[in-house]
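Chain A is the first sequence line, chain B the second, and so forth, proteins listed ahead of strands; every chain is numbered from 1.
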Amino acid sequence: MNIIVCIKQIPDPEIPPAKFKLDIESKRVIPPEGIPPVINPYDEQAVELALRLKDKYGGKITVLTVGSDAASNIVKHALSMGADQGIVLNDKAFEDSDSFSTAYILSQAIRKIGDYDLVLCGRQAADWDEGLVGSIIAENLGLPLVTLAEAIDVPDGELSVKQVTLEGYQVIAVPIPAVVTVSNEVGRPRLPSGWGIISASQKQIPVWSASDLDADPSKIGASAARRKLIKLFIPVRERKCEIIEGETEAEASVKLVDRLIKAGVI
Amino acid sequence: MADYKGVLICGELIEGKVTTTTKELISTGRKLSDGLNQLLSLLLIGQNLQEVADEAISLGVDKVYIGDGVPYAESLPERYVAIISNVCKQIEPFIILFGQTDMGRDIAPRLAARLRTSVCMDCVELTIDPDTRSLLQTKPVYGGNAVAVWASENYQPQVVTMRPRASAPAEPDTSRKGEIVPVTVKVDDSKIKCKLLETVKEEVKGIKLEEAKVIVTGGGGIGGSEGFQLIKELAQILGGTIGITRVPCDEGWMPKSLEIGQTGHIVSPALYIAVGVSGAPQHLAGCSGSKCIIAINKDPEAHIFKEADFGIVGDYRKALPSLIEKCKALFAI
Ligand SMILES: Cc1cc2nc3c(=O)[nH]c(=O)nc-3n(C[C@H](O)[C@H](O)[C@H](O)COP(=O)(O)OP(=O)(O)OC[C@H]3O[C@@H](n4cnc5c(N)ncnc54)[C@H](O)[C@@H]3O)c2cc1C
Ligand SMILES: Nc1ncnc2c1ncn2[C@@H]1O[C@H](COP(=O)(O)O)[C@@H](O)[C@H]1O
């Protein structure tokens, strides 16, 4: 099984809401001070799922990211978890690409790599919370797609994908090659091993540019974006919390019930 | 360029009826089509759809397209994308509306790619800009820390999904008139590459989260599966049901089918009691529509207190037993 995993670097999605800041003018998120960006958590789980498949069936894992120089950090992270190689797709022309352009850039890279059985993406990037890129890659490459996978097995040369649904799951058989997007139900990703960190630090991480990918300039960057951001703001919280005091929690609880009755809640 | 007109809702059915989310889409769609002065249509795929189509008309749909086929949950997304893109090519709607459900999450992105157009996922508000007549798409981003408004002026049709519970469901009015139009939903079977092997519903006994009037949610602060006994007891006495955050799900204390939030259930009960829940935006995304929110948390600085109406600062192990006793006495159980 040769697997390509698409990974994205994003601001830490679990920072305390108080630390989340915007520049309203430029409609951009201000990176929180002292909290480094991370690999999108779903993409880390996609790397984990790829590693489980490799543990069972062998093969090679390649990680791809469209990002700046700093994005090589998440590629290193994936390598230290056990991925075999990583490539950063970086070019000035890629800046401010939307989901369609990003998917196009990744599709071009996947075509260039050529030899693969499975492309994994996260179910969504936890910055803009879209959940588009994986599906668009599948359409671009004309490949079958399963979204929101929590497990994959490969009996008899076909994928058997367990797909999360709101009320349970489905199992879908998919011919290879295919695209699968990965959900958090995969569970905790493994930690990099000491040996993983050493071997990752010795690996070269090639950078591919627009010309390496033979990318059509009309399909990439801000000018190709299908949507325009009109406004970005932090929502105002409308609730005012009334703290019910008491000598003990038990006393506060009793008072709470009385208060709720008075307020007509119960 | 083709003349794209009207709003098309891709509807969902459950046990032969339109889902609550579809009713919400009808009320949003109605406003949009009135703003554009164009028709509101609904696509339904299933069997024996006459009655449900009549219901949809009473809810405010002008034109119901009905296709004889298998409901989404028993079919394959591949088949649905093929059907819906064929229908859209025939009727050329200006806006294509889905719910942010299993179906919308999966179909909308592929459909937009196939129609070479724009798409915006998980919107909480959709309006027509009166000046430009373009569709303004409001969507929470960064897990709910921020909200973005998008427009896609040069792309038609515009595909959007709408978060459940973001708008009120449409109300029936049997005096409304509309048209029912059959559509063919045949697709080339040789192009379907996936096979559905198994569908499993992890039946949750009792009240469905989406329909509950009271939800008691336990978070990471509960500390293990035993603590959920208290949560269950309180929920039961209040005639409600229980929910969880991501932590009890990841830790395996409780089944994931109870998870509330951005990636779980979206609920809006009259009363939401969050116990040992820190109040991460990704969780609040699933419950901020609740009428009254109560937080019980031992950390006075916990973010949940910024989003709650009432709060108790303290250990849930000490608070819940007397809360349960008091409610028991109140409801004389
Ligand atoms: C992309 C993404 C998507 C996500 N989607 C979801 C989602 O859909 N749903 C979801 O829930 N989460 C989601 N999360 C996770 C979310 O960010 C938080 O990590 C999670 O909601 C935290 O759960 P919690 O508040 O229960 O636990 P914790 O953050 O562990 O908080 C526990 C709280 O309990 C309090 N506490 C501890 N002991 C006690 C006690 N004895 N008595 C009273 N209080 C106590 C603590 O003070 C603390 O505030 C998502 C995260 C990401 C990155
Ligand atoms: N810049 C990027 N580089 C590599 N992969 C990406 C990038 N953006 C998105 N992806 C992949 O596509 C998935 C969905 O992203 P999105 O559609 O932006 O929510 C992510 O989880 C990644 O797997």
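With chain A as partner, the option from B:Gln158, B:Glu198, B:Lys306, B:Arg105 having the largest number of non-hydrogen pairs under 4.5 angstrom is B:Glu198. With chain A as the partner, the residue from B:Glu307, B:Met121, B:His303 showing the most heavy-atom pairs under 4.5 Å is B:Glu307. Chain B forms the most heavy-atom pairs under 4.5 Å with one residue out of A:Ile261, A:Ile244, A:Ile234, and that residue is A:Ile244. With chain B as the partner, the residue from A:Asn140, A:Thr248, A:Leu260 showing the most heavy-atom pairs under 4.5 Å is A:Leu260. Most heavy-atom pairs under 4.5 Å with chain B: of the set A:Glu238, A:Glu14, A:Glu167, this distinction falls to A:Glu167. Contact count against chain B (heavy-atom pairs under 4.5 Å) is highest for A:Arg227 among A:Arg227, A:Glu245, A:Gln170. Heavy-atom pairs under 4.5 Å with chain A were tallied for B:Ala113, B:Cys249, B:Cys120, B:Ala151; the largest tally goes to B:Ala151. Annotation: maximal heavy-atom pairing with chain A below 4.5 Å, among B:Gln137, B:Lys213, B:Lys201, B:Arg114, occurs at B:Arg114. With chain B as partner, the option from A:Val257, A:Val174, A:Ile136 having the largest number of non-hydrogen pairs under 4.5 angstrom is A:Val257. For chain A, the option among B:Glu153, B:Glu325, B:Arg116, B:Glu78 with the highest count of heavy-atom pairs below 4.5 Å is B:Arg116. By number of non-hydrogen pairs under 4.5 angstrom with chain B, the leading residue of A:Leu132, A:Leu166, A:Leu232 is A:Leu166.
In this structure, A:Pro235 and B:Gly144 approach most closely via the heavy-atom pair CG-O, 3.9 Å. In plain terms, the two heavy atoms of B:Asp106 and A:Gln163 that are nearest each other are OD2-NE2, 3.7 Å. The nearest pair of heavy atoms linking B:Glu259 to A:Asn184 is OE1-ND2, 4.4 Å. Closest approach of A:Glu249 to B:Val313, counting heavy atoms only: CG-O, 4.4 Å. A pairwise comparison of heavy atoms in B:Ser288 and A:Arg239 identifies O-NH2, 2.8 Å as the closest pair.
A:Glu130 touches chain B through backbone and side chain together, each having a heavy atom under 4.5 Å away. For A:Val254, the parts lying under 4.5 angstrom from a heavy atom of chain B are both the backbone and the side chain. If you measure heavy-atom distances from B:Asn145 to chain A, the contacts under 4.5 Å come from both the backbone and the side chain. Contact of A:Ile172 with chain B is made through backbone and side chain together, with heavy-atom distances under 4.5 Å. No part of A:Ala138 comes within reach of chain B, as not one of its non-hydrogen atoms sits under 4.5 angstrom from that chain. Residue contact with chain B, scored on non-hydrogen atoms closer than 4.5 Å, involves the backbone and the side chain of A:Lys231 alike. Looking at A:Pro16, neither its backbone nor its side chain comes within 4.5 Å of chain B, counting heavy atoms on both sides.
The backbone N or O of B:Ala319 lies less than 3.5 Å from a partner atom in the side chain of A:Ser253, making a donor-acceptor pair.
Note on B:Lys139 versus A:Asp129: no salt bridge recorded, every NZ/NE/NH1/NH2 to OD/OE distance being 4.0 Å or above. Salt bridge annotation for B:Lys318-A:Glu251: absent, with no cationic side-chain nitrogen under 4.0 angstrom from a carboxylate oxygen.
Using bins of under 30°, 30° to 60° and over 60° for the plane-to-plane angle, the ring pair A:Phe20/B:Tyr142 lands in the tilted bin.
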